[in-house]
2 protein chains.
Amino acid sequence: MASNKRTPTIKDIARIANVSTATVSRILNGQPGYGDATRERVEAAIAQQGYTRNAVARGLVQKRTHTIGVLLPSVTSQFASELLGGIETEAHSHQYSAIVCNTDRNGERTAEYLNVLAEKQVDGIVFTSEFLTDEYEHLAERLNVPIVLVSTMSERYQIPYVRVDDQKAAFAAVSYLVERGHRRIGMVAGTENDPIAGKLRVNGYREALDTSGIDFRQDYISYGDFHFALGKQAAVNLLDRAPEITAIFAASDEMAVGVISAAWERGLGIPEDLSVIGYDDTAMAMMATPPLTAVHQPIATMGRLAVRMLIEGRNEGVVLPFSITERSSVGNRA
Amino acid sequence: MASNKRTPTIKDIARIANVSTATVSRILNGQPGYGDATRERVEAAIAQQGYTRNAVARGLVQKRTHTIGVLLPSVTSQFASELLGGIETEAHSHQYSAIVCNTDRNGERTAEYLNVLAEKQVDGIVFTSEFLTDEYEHLAERLNVPIVLVSTMSERYQIPYVRVDDQKAAFAAVSYLVERGHRRIGMVAGTENDPIAGKLRVNGYREALDTSGIDFRQDYISYGDFHFALGKQAAVNLLDRAPEITAIFAASDEMAVGVISAAWERGLGIPEDLSVIGYDDTAMAMMATPPLTAVHQPIATMGRLAVRMLIEGRNEGVVLPFSITERSSVGNRA
DNA sequence: TTGTATGCGTTATCAT
DNA sequence: ATGATAACGCATACAA
């Protein structure tokens, strides 16, 4: 049913207002060079014709599309959507649009998207992934489009990023548990071969144990993939083989909720029988029962900062501060 | 640091391969009309130059951008992100990209976005909102871009939509409670003046009560805005003024989790002391403690269908079936 | 099978 | 203050 009345162009406006397209363009863009009278004529024509500028034509000549691409491992996770929220907000405030791409943690899709975004001439790309493989990094270099990494970083290339210090944050989380009297502390970790969010958080866990003179035990750590299902499964396994544990550090909120769920199923009260601390402090931490104590990452801020860096052409690595949001999932051990 | 080596164009390739740009274009688009030899020469040049097509130039001539716009009231809600997931997946499978727009339930922003999307020449728009005001609807008509509404509909215009029957679904949810012996059933409703998701679900609630010969009581219904904070507050109010209630129907999962949270704070066990049924069946229903029984909407499917309708130019209203996903938040009342 | 030429809607340069 | 006109990178109708 799409009506096929041709959309009026700048030419139509020019003809109707009896001026050149150049003048219309100037008026449209608030540039100097015309009298009040002509401006009014042109504006009248624009209003009367219901003229809408064509951003693709403009993009062609200006070589800028005012559009950025966003690569996410999965749009549906709470972390990703809060990040996207920050990105979109900042983009919009600078008159940019954001194209979302769900890589699904799939290398092929990621490569496809990188190409599509390049073809669409986006002005920049925000890349979040559980981790960057050499392949993408290489492609990213080749594409000649500015990129900012969020919550990850490249080990090989100099690509700007914004993240928090995962190891330090994990260290703080586990220390928080220790300070409350816990000694038998388990960990539900993220993806095992993720060099950043995976490895570093485990490192922080070990380091905190070390510093407190607690022996690290391999069987006190169970791996998931940052998400609920596997996190819960990891918790089940962990609780099975080490029921003496009094607290668990989960490498993501989703997995923390997974351990709450696993604990609930076996009748363990939180925090009476088991304490749990999450990581991210997404909205779901607040909504959990009981409300989840968690390491707070400024997720939306990270997204906003990333697009600001893109737009301003800043080429740096920035690490943002974290904190711990206290709620009701961690108890004291006398 | 952006290297300023000019991106090779179709002309460069043509020159290098000693053919015309027309031939390069044909090869690039898999059209007939060239010999193997020339194709190989051209392909070699393309590979060697690292040529990337320019989608904006192509968009200009073809008047199609292979891009759709998505208007969401808030990217961060679980409902929205699952919907976006479906939309993005389907779009990508048809070689389309999706631009996300966070309207923030703000009329001005919505209007802005509608304009931006029109300027960017998107091939279609998926619109979700808590409800459509006349203003947007009018603008939407004027813009001359195909639109599909998700989970809402227009009362005034003939705009294609995909949704489920809110009233019937709410009816089913409340009937489910009644069947399990509940008679004093409260409701935590959504936005009061939302004519679709708000009003219709309340209607279904009342209708189910009616059918079961249970008197409707105005004080058994408390309004939120579909989200956690207000949902929880509504539950607190409801529980304060009607502690005799044995079950609550929440108009969204988020609000259902809010009532779980409110119940937890006052030591009410779920489902022993209070049953609750949610609406949407987003991922958070599964993650709740206890796992939430909820009306299931095929959210991702709705998103996928919406973009398919856009792409295929279908101009209809479709209502999808719902179901009830049983988990552990509803108990029997003897 | 291949090339020429024109146009898509704008911006921008150079005149006037 | 205003107008011609040449790009921008590509697709396509028409020739050859």
Side-chain angles (χ1 to χ4, degrees), chain A residues 4-43 45-46 49-67 116 118-123 144, chain B residues 4-43 45-46 49-67 115-116 118-123 144-145:
Chain A
N4 49 1
K5 62 168 180 292
R6 209 175 52 78
T7 308
T9 74
I10 207 176
K11 276 183 194 161
D12 300 315
I13 303 301
R15 186 172 32 74
I16 293 173
N18 246 303
V19 295
S20 72
T21 60
T23 297
V24 177
S25 176
R26 290 192 194 86
I27 292 176
L28 242 19
N29 296 299
Q31 288 166 353
Y34 47 78
D36 277 357
T38 52
R39 181 176 48 86
E40 278 166 25
R41 272 200 338 275
V42 169
E43 282 173 349
I46 286 176
Q49 292 291 309
Y51 168 77
T52 303
R53 320 142 104 105
N54 185 322
V56 357
R58 178 172 2 180
L60 183 58
V61 16
Q62 291 186 157
K63 294 170 182 308
R64 303 200 324 161
T65 53
H66 274 260
T67 303
V116 170
E119 292 189 2
K120 296 218 168 161
Q121 312 295 118
V122 296
D123 297 338
N144 201 27
Chain B
N4 48 2
K5 62 167 179 293
R6 209 175 52 78
T7 308
T9 74
I10 207 177
K11 273 185 196 158
D12 300 315
I13 303 301
R15 186 170 32 72
I16 293 173
N18 247 304
V19 295
S20 71
T21 61
T23 297
V24 177
S25 176
R26 286 192 274 258
I27 292 175
L28 242 19
N29 297 299
Q31 289 167 351
Y34 46 78
D36 277 358
T38 53
R39 182 176 47 89
E40 277 166 26
R41 274 202 336 275
V42 169
E43 282 173 348
I46 286 175
Q49 292 291 307
Y51 168 77
T52 303
R53 321 141 103 103
N54 186 323
V56 359
R58 181 177 355 186
L60 183 57
V61 14
Q62 292 186 157
K63 294 169 181 306
R64 303 199 327 161
T65 52
H66 274 260
T67 304
N115 272 312
V116 171
E119 292 189 3
K120 295 217 169 162
Q121 313 294 120
V122 297
D123 298 337
N144 200 28
V145 176

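Proteins come first, then strands; the chains are lettered A, B, ... in the order of their sequence lines, and each starts at number 1. The structure displayed is predicted, hence computed values, not measured ones.
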Atom CD1 in A/I10, atom CD1 in A/I27: separation rounded to 0.5 Å?
-> 9.5 Å
Hey, could you give me the CD/OG1 distance between A/Q121 and B/T7, rounded to the nearest 0.5 Å?
-> 7.0 Å
Salt bridge (Lys or Arg N to Asp or Glu O under 4.0 Å) against B/D12, all qualifying residues, sequence neighbours excluded | B/R6, B/R15
Using the test salt bridge (Lys or Arg N to Asp or Glu O under 4.0 Å), find all partners of B/E40 that sit at least two apart in sequence or belong to another chain.
-> none
Overall bend - the helix from C/dT1-D/dA16 to C/dT16-D/dA1, comparing terminal axes fitted on five pairs, nearest 10 degrees | 40°
If every non-hydrogen atom of [X] is compared with every non-hydrogen atom of [Y], which pair is closest and at what distance?
X	Y	answer
A/R39	A/Y34	CD-CE1, 3.7 Å
B/A45	B/A17	CB-CB, 4.3 Å
B/G59	A/V56	C-CG2, 4.1 Å
A/R26	A/G33	CD-O, 4.1 Å

Applying side chain to side chain contact (heavy atoms under 4.5 Å, CB included), name anything that partners [X], two or more places apart in sequence or on another chain.
X	result
B/T52	A/A118, A/E119
A/K11	A/T9, A/T21
B/N29	B/S25, B/Q31, B/R53, B/R58
B/I46	B/I13, B/L28, B/V42, B/Y51

What is the nucleic acid contact for [X], judged by heavy atoms within less than 4.0 Å: base, sugar-phosphate only, or nothing?
X	answer
A/V19	sugar-phosphate
A/N18	sugar-phosphate
A/T23	sugar-phosphate

Could you tell me from which nucleotide to which nucleotide of DNA chain C, 5' to 3', there is an atom under 4.0 Å from chain B heavy atoms?
-> C/dT1 to C/dG9
Please confirm whether the backbone N or O of A/T65 pairs with a side-chain atom of A/K120, one donor and one acceptor, at under 3.5 Å?
-> no
With nearest nucleotides of DNA chain C determined for B/A22 and B/L60 from heavy-atom distances, which residue corresponds to the more 5′ nucleotide?
-> B/A22
Counted 5' to 3', the first and last nucleotides of DNA chain D within 4.0 Å (strictly under) of a heavy-atom of chain B are D/dG9 to D/dT12
Mind listing the residues from [range] sitting with a heavy atom below 4.0 Å of DNA chain C? Number order is fine.
range	result
residues 35-43 of chain B	B/G35, B/T38
residues 49-58 of chain A	A/Y51, A/T52, A/R53, A/N54, A/A57, A/R58
residues 27-34 of chain B	B/G33, B/Y34

